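Read the structure below first, then the notes.
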Amino acid sequence: MEEHEGVEEEEKDPSFEEFSHPIPWQKIEAEGLDCDYALLFLKGEADNLFRQLEEEVVYSTGEEAKVQVFGKVYNIPRKQATYGNAGLTYTYSGVRRLASPWTPTLEYIRNAVTGATGQKFNFVLINRYKDGQDHMGEHRDDEKELDPSCPIASVSLGAARDFVFRHRDARGKRSSRQIDPVKLELAHGSLLLMNPPTNTFWYHSLPVRKKVLSPRINLTFRRILEDVTKQSKRNINSKNPD
DNA sequence: GAAACATCATTGGG
DNA sequence: ACCCAATGATGTTT
């Protein structure tokens, strides 16, 4: 969980204990992978949140919804939106976008995630997958501007989808090692915490699933470093301050 | 066995 | 050095 010093489950930040009911977490571990999975919202509440987000969230269009791969331009196979504190930005495939201001629904979900985890977040990337054809290829969330000590909190609403982790040394034709992928299903109302150093060693993807016919909204809450120069960011990331 | 589905290597400009 | 998605070949499921 937040401070991964071999402490057993349910040892959340004490300052939140009296405000939040404990949630049964499921630990997901492998070499260099450390995740926690739980149901954060009951079905009725998750249904309501999904409906509100469908009304409220404004997704990128035009050039922001395209990506260039091997010289060709494609529409991104999903819809994306970015919300967060004023001035924060997110970079996807070389393009920088500005966070829109928090909406009430997004703040409500963010508070629920903080109550369950004791972690604070200043940014959320929203991905909407209209059906099982929409997907996201294998990647890591290792942007320089992310706080390397903060987990990424992934909230799922709508259709359940498979989610796959693959170790960076077990990819490609002549991979150096044989490490089994870690697969899970992200349910309606669930929360997946990806703790450091998961995103250093493991790629993840949301593969195509042709049998899925309804939409899923995913919210990945992050902590982006604010008011930090590139110089000191590099020092923080390399754990080698002046 | 056939069709549908899943997995994975392949493709390059920024 | 790495990222990103579609494609066709191969492997698996129904």
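Values below: every heavy atom of this structure, side chains too, minus hydrogens, waters and symmetry copies. In what follows, chains carry the letters A, B, and so on, assigned in the order in which the sequence lines appear, proteins first and then strands, with residues in each chain numbered from 1. All values derive from a computational prediction rather than experimental measurement.
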Length of the line joining [X]:[atom1] and [N]:[atom2], which is rounded to integer Å:
| X | N | atom1 | atom2 | result |
| --- | --- | --- | --- | --- |
| A:Phe163 | B:dT7 | CZ | C1' | 17 Å |
| A:Glu138 | B:dA6 | CD | P | 17 Å |
| A:Gln68 | C:dC2 | CD | C1' | 15 Å |
| A:Arg78 | C:dA6 | CZ | P | 9 Å |
| A:His139 | C:dC4 | NE2 | P | 7 Å |

Return the nearest nucleotide to the side chain of [X]; candidates are [options].
| X | options | result |
| --- | --- | --- |
| A:Arg209 | C:dA5, B:dT7, B:dC5 | B:dT7 |
| A:Arg166 | C:dC3, B:dG12, B:dC8 | B:dC8 |
| A:Arg140 | B:dA6, C:dA5, C:dC3 | C:dC3 |

Any A:Val164 side-chain heavy atom under 4.5 Å of A:Pro207 side chain: yes
Any A:Phe165 side-chain heavy atom under 4.5 Å of A:Ile28 side chain: no
Restricting both atoms to N or O, compile the protein contacts to nucleotides 12-14 of chain C shorter than 3.5 Å, with distance only.
none

Can any side-chain N or O of [X] pair as donor or acceptor with the backbone N or O of [Y] at less than 3.5 Å?
| X | Y | answer |
| --- | --- | --- |
| A:Arg140 | A:Thr200 | yes |
| A:Ser154 | A:Leu192 | no |
| A:Arg216 | A:Ser156 | no |

Touch class at under 4.0 angstrom, heavy-atom based, for A:Arg168 against every strand present: nothing
OP1 or OP2 of B:dT7 under 4.0 Å from side-chain N/O of A:Arg171: no
Phosphate OP1/OP2 of C:dA5: any A:Tyr92 side-chain N/O under 4.0 Å: yes
Working for side chain to side chain contact (heavy atoms under 4.5 Å, CB included), residues A:Glu185 and A:Ser190: CA-CA 10 Å; A:Glu185 181 178 76; A:Ser190 70; over 6 Å; no
A:His188 and A:Phe50 aromatic ring geometry - parallel, tilted or perpendicular at 30°/60° bounds: perpendicular
